[in-house]
Structure formats: structure tokens, C-alpha cells
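Here the structure is laid out as C-alpha cells; the discussion comes afterwards.
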There are 2 protein chains.
Amino acid sequence: MTRPAGRGGRSAAPRSVDVARLAGVSQKTVSRVFNDEPYVSAEVRRRVLEAAGELGYRRNNAARALASGRTRSIGVVTLGTALYGPASLLMGIERAVRDMGYTLRVVNTVEGEPAGIAGAVDSLLDQGVDGIVISEPIDEGGDEGEVSARVDVPVLVLSAPPPFTAPRVLTAGGCADVMARAATEHLLDLEHLTVHHLAGPQPWYAARDRLDGWRAALAGRGRPEPPVVAGDWSAASGYAAGRELASDPDVTAVFAANDDMAIGLIRALTEAGLRVPEDVSVVGFDDTPVAAYVTPPLTTVRQPFDAVAQDGLKRLVHAIENPQADPLVASDPSVDLVVRASTAPPPPRTTRGHGRRTASPSA
Amino acid sequence: MTRPAGRGGRSAAPRSVDVARLAGVSQKTVSRVFNDEPYVSAEVRRRVLEAAGELGYRRNNAARALASGRTRSIGVVTLGTALYGPASLLMGIERAVRDMGYTLRVVNTVEGEPAGIAGAVDSLLDQGVDGIVISEPIDEGGDEGEVSARVDVPVLVLSAPPPFTAPRVLTAGGCADVMARAATEHLLDLEHLTVHHLAGPQPWYAARDRLDGWRAALAGRGRPEPPVVAGDWSAASGYAAGRELASDPDVTAVFAANDDMAIGLIRALTEAGLRVPEDVSVVGFDDTPVAAYVTPPLTTVRQPFDAVAQDGLKRLVHAIENPQADPLVASDPSVDLVVRASTAPPPPRTTRGHGRRTASPSA
DNA sequence: ATGAAAGCGCTAACAG
DNA sequence: CTGTTAGCGCTTTCAT
């Protein structure tokens, strides 16, 4: 019909000139209509829209990007994990990006892969994104500097201090420390003498934040700081930690850096013959969907993923669209401690240490 | 320097002509080098690469897409949920897309939103993707037909029968039924007279598949089919179902359509004074990271997300790059039943019904 | 093995 | 309010 499947393009998709011809206007007017530009009479607009509908016209994004120098897309760098935290954040980001009228490109970094964040950012830059979101990065040690020079778009770093310096870096959601502090204080308020911490993997800024918050809470009350137990976010690591902790009669309260580890921890404690929360209290972090339904229902901290993503993206888009203006200020999200049945006052002091050295599986 | 920050474009990014000039070759040769085209002498290639490196040259994707008619990007439509299944699948898709040399664009559909899949596909088409992946769609009833006409790129539908008809539709991973069947048969092999099913929300094809598999297993052994209990994937719904099921002494085995529901179910059963697996066996689906660490460790089915994504994407890309060729055939993934401690033979028949009507909370 | 010329389909100035 | 004229930076086609 119109055109015999032009060069590279797949089929002969209608172009704006085709619409213009059919509507009896100039090509530029079609462009005006589709960009909601002013100065188009209602009548002409109607005719254009009708013609476009008839032809099944849809703007060519590549041409738009080439001509305007903007792609209206935002890239996000995520860890390639289905962990509840990162996954929830990604969903929040997608929604926020869409709400702001942008499209989303996604690149995962694979833990332990050489390229890391630098490579992912580079790939996004190749794709021509207008802005970049780095979600829950981890500190891989030093390859971040390499990117910095080339990054000429605004960058938003979520749930962490900036992992690298680029001309225009924003941050959002670095509030895990205050949430962790609240969790720890909840345990202290219950009269526990101290609180142990089952930490996440330290390359993760999110894990460090929680560790810091726990430290701050303990320091704030002048409590001794027991040695940190290291986990890797998995329930398996929580279980391993639990076996260790179960044999120490001084352990009456544990703050785990995420719910999965808390669940593994509880399992190990239970198998060792300890009761949660009567013998040991446990607090998790995330409020995963199952947290309320494990045994016992888990006291945990709910993270405001959507709010963080929304606030961050609003500021990122502002930075994109107003390169010269001062960045908007971050609004701080609310801390949300969800108290369930896994926390209680410590056992009476006289009975502490009671049969705590033998592991008698119960299941 | 080169050029004072041309019209729309942000800064004066170097173009291929700049590289060509510096390397003392034609622009076309630069293009050849970057596209790994043949007929470029090693010496020239080296000079071009060096010049490009010096200038910090990076190809402009919009121009490439405009000139070639291909964007080298694949769009994925996902539900906006952090549920383990969909999130895992998304990670697998990202990886597979990247491995195939494409980039990924993501659009979520929000359950209950009017636009639904049709809107998401449309948005992806606007963005000019070369292919589309629809991940774990749900049947929203009828708005799919609207898209079909306009979809001129290959579409891969994961974990479901095609939700709409488009010229070139592929499917992958619709194997939940055989996995569900295996799960049910495991319970039957343990001598349970029948198996109850805690189903997922029926708009989800994934939920329907599991229901079908359960039915097939029961039918295959000539067992009675008890009424289906409806859930919504959440642990909360599993808990609600558990309260119901706990009062029925005929319930000795339950196959839950996902792990979260299984966990909620177990909690309700436990609170009702029933033991798992001594009184009631439970099988989940997904093998979430916590499945092995809840009490009791959950027998469940592990889904081969990565394999499904990889196989599907290989075929999608084949369809993109060989429009005329016959589609590749799907390779079927392996079923992986993980037997843990939540399943056992039913209680002795003489004692069945024992104290099953009163709910005496424990834990 | 390399180069020249001609667009891809749009947006951005500038005229009317 | 509307139209004209130039490119955006590549890939493609065809010459050498």
C-alpha cells in the first residue's frame, strides 16, 4: 500500500507524514498533536487523531530520541536476586518510573561477576538512558571509580551511601539504620540486658546500615556490644547462626538483619530445645509476606519500599529535567516496627543458663 | 572543542565521524569496526579502536535503531509483585535477555488496573521493542483480544497458555501441571486416601495449571476429589484455609499451590492442635528460600525458572532474527520434587478423627 | 578492503 | 495557529 516495507524497518509502519497527508495537514502539525503542544485548533487535532487511528499510527521512538537527544527512559541497576527486599524495591521503582512518564530499562549485576556496577552503568549509558537508579548496591571494592568520569546523567542511589562519585548523584532510602535502631531498642525496652545481632553480608550497604543502627541503639543505652554473628541473608545462614547462638546462655534477644535469617535462626533455636520468645526473643527485618505466619509470628520492621522509590524518582526526574536547578530535598520515610509474637521479656534471671548447653531436637 | 553541544543532545558527545577523522578513515569504516563486520584490516581496526577510546566514543543507540529498524531490546510484561515465583522468573529473564545480546525493558501490569496486559504490550510496542515476553499472566477476561491486531513482533508467553492470539506467539514453562501432579502423587504414594488442594487465585494460569495437575493425579489413581479450597497466594489465605481444613478429620494431606500458603496453612493447623506431618501432610510449591527452614521443613516443588527463561528466550530471539523460519521446539524442563519433613504417611485409620474438632492453640 | 551518498522518522528552530 | 527547512548519528546501498 503506502510503502513496500522500507529498508531496515520491519513492515511498512505508518509515519507521521502518512498521517499528515490523510488529515490534510503538515507533518509538523501531527507532531504537535502527539506532543500535546499548544497552538493546534481543536478541529485539526481531531482530524489528526482520527487519521492516526485509522492508520494505526504510533510514533517512532528511535527517531524521537535521535532528534531530541532524550530517550525518556530510566535505567535501573539491580542485583540479580529474588530476595524480598530488592525485588520489592524494583517493583516500586517500575511503578514510580511509569508514573513519572518514563520507561524502564533493567540491568542486573551478578554478584561476583567482574563487570559489576560499573559494567551495568556502562551498559545503561550505551542504551542512552536519561537517568540511572542504582538499587541496593553492594561494595565490591574499587571498580566504581572507573565509571564516574563517563556518567553524565543524574544517578539515584537507593538504600545506600553513594558507591561512586558522579557529577550528579542523589540518594534515597538510607534509613535502615534508624529502623534497625528502633528494632534493637524494642528489645532493650523489653528489659533484655543486651541484644545480639545476626548481620547480613557486609559488602551490602543495607547490611552495614542495620549493623550501625544496632550499634547505635546499644551505645545509646550504654549496653555491652556482643560479637556480631555473620549471615548472608539466607535462612540457611540464619540456621547456622542459630546453632551457634543456642549454646550461649547469655543470648536472650537477637536482631536479625532480615526475616529469612530470623526464620532460620528460630528453627535452629527451636531444634535446640529453646522456646521463642520465652527463652530467646527474635526480631527480623523486611516484614516479608510470610513473617506473620511463621511460628511464632515474627516481630519485624517494615520497609517503605514504595515511598522510597517514589520520593527518589521524583527527585531524579527533577534532576533530569532541570539540569541547572538545585536538587530537591529528600523526604524521610516513616519507621514501621511490627510487633508480633517473637519478642517478649527475657526469662527470669535465676533460671537463665538452664539446660542451654544440650541440643535436644524437638521439631 | 569538537562541537558546542549540538541542538537537543546534552553535551557534545563524540560521534562516529569524529572517531573517523581522528583515525584517518571514513565514517563507514568506524561503523564496520563497531559492528564486527568483515573486511576491515587489523591495522585499521586497531587505529579506530584507539581513536574511539581516546574520544570516549560510544554508539548512539537511537540513531542505530532509527537507521536499522531494530532496537535490540526485548520488553517484558510482569505483574507488579515481589512474590517469589514472578520475581525469580524476572531475574531469569533479565539474565537470558542479556546473554542473548539484547537489552531489557520492563512494564508491570497492576492487578485490577484497567489497561492490563493489553496496555502494557501497547506501551512496549510504543517503545519499539523487537520482541515481547509476557511473564506469568493472569486472565483478566477479554481485553487481550484488542491487542492482537497490532502486535507485529514475536511474543513469548511464560508459564501459561497464550492469553491472546498474535501472529507469532511462543510459549514456555507451562509445565506446572506435571509438577503439581508429581507433588500430589507423592502424597498418594504415602498412602493418603486422597489429597486436598489449596489453590491459587484462579485468574492466574499458574494456579489453574496446578489445579489441573492435582486433578489429573487424583483421577489417575481413581481417588475422590475433595472440594478445592481457594487461596490468593498469601500466607494469610493459607492460614484462613488451614482453620477451615483443621476441623475436617478427613483431611490428612494438602497440596498447597505455593509455599507461602503452605506456611500459613501449617500455622493454622498447628494452632488447631494438629501436628504436621503426623496428623496432616503438607506439600508446597516453589521451594522458596525459607521453605527448608520453617517448621517443619517443607516438602515442595522446585521450579526451573532459569531454565524456562533461557529456553524461552533462545526461541524468542530465534523468531526475531529469523522471521520466516519455523519456530524452534521447546525443550521440557525437569520436575524437581524436594522431599523434606512436612510429609509422612497418614495417621493410623483407627485414631483418625481423634480430637479434630476442637482448636487448642499451642505455639 | 574501503568510501560516498542517501535516507531512517522525528523534533527544533524559524517563518509566515 | 500552521508550514518549511534542517539536521540528529547512524546503517544501508552501491561504487570503487
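Both backbone and side-chain heavy atoms feed into the values below; hydrogens, waters and symmetry mates do not.
Under the side-chain hydrogen bond (donor to acceptor under 3.5 Å, both in side chains) criterion, B:Gln310 pairs with no residue, sequence neighbours left out. For B:Ser123, the side-chain contact (heavy atoms from CB on, under 4.5 Å) test picks out B:Val107, B:Gln127, with sequence neighbours left out. Partners of B:Asn61 under the side-chain hydrogen bond (donor to acceptor under 3.5 Å, both in side chains) rule, at least two apart in sequence or in another chain, do not exist in this structure. Here A:Arg168 pairs with nothing under the salt bridge (Lys or Arg N to Asp or Glu O under 4.0 Å) rule; sequence neighbours left out. Residues that satisfy the ring pair (Phe, Tyr, Trp, His ring centres under 6.0 Å) test with A:Phe34, not counting sequence neighbours, are A:Tyr57. Residues satisfying the side-chain contact (heavy atoms from CB on, under 4.5 Å) criterion with B:Ser159, sequence neighbours excluded, are B:Leu89, B:Glu136.
The main-chain N or O of B:Thr71 is found under 3.5 Å from a side-chain atom of B:Asp130 such that the two form a donor-acceptor pair.
In this structure, CZ of B:Arg72 is placed 13 Å from P of D:dC10, rounded to the nearest angstrom. D:dA6 atom C1' lies 12 Å from atom CD of A:Gln27, rounded to whole Å.
For the OP1/OP2 pair of D:dT2 and a distance below 4.0 Å, the side-chain nitrogens and oxygens of A:Thr29 include no atom meeting the criterion.
For the contact set between residues 31-50 of chain B and DNA chain D, defined by any heavy atom under 4.0 Å, the members are B:Ser31, B:Asn35. For DNA chain C, no neighbouring residue in residues 53-61 of chain B is found when judged by any heavy atom under 4.0 Å.
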Can you give me every donor-acceptor pair (side chain of residues 43-50 of chain B, partner residue at least two apart or in another chain, under 3.5 Å) with its distance?
from: B:Arg46; atom 1: NH1; to: B:Glu50; atom 2: OE1; distance (Å): 3.0
from: B:Arg47; atom 1: NE; to: B:Ala23; atom 2: O; distance (Å): 3.0
from: B:Arg47; atom 1: NH2; to: B:Ala23; atom 2: O; distance (Å): 3.1

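With hydrogens and angles left out, the side chain of B:Lys28 and the base of C:dA4 share no donor-acceptor pair within 3.5 Å.
B:Val25 comes within contact range of the sugar-phosphate backbone alone, with a heavy-atom separation under 4.0 Å but no base atom that close.
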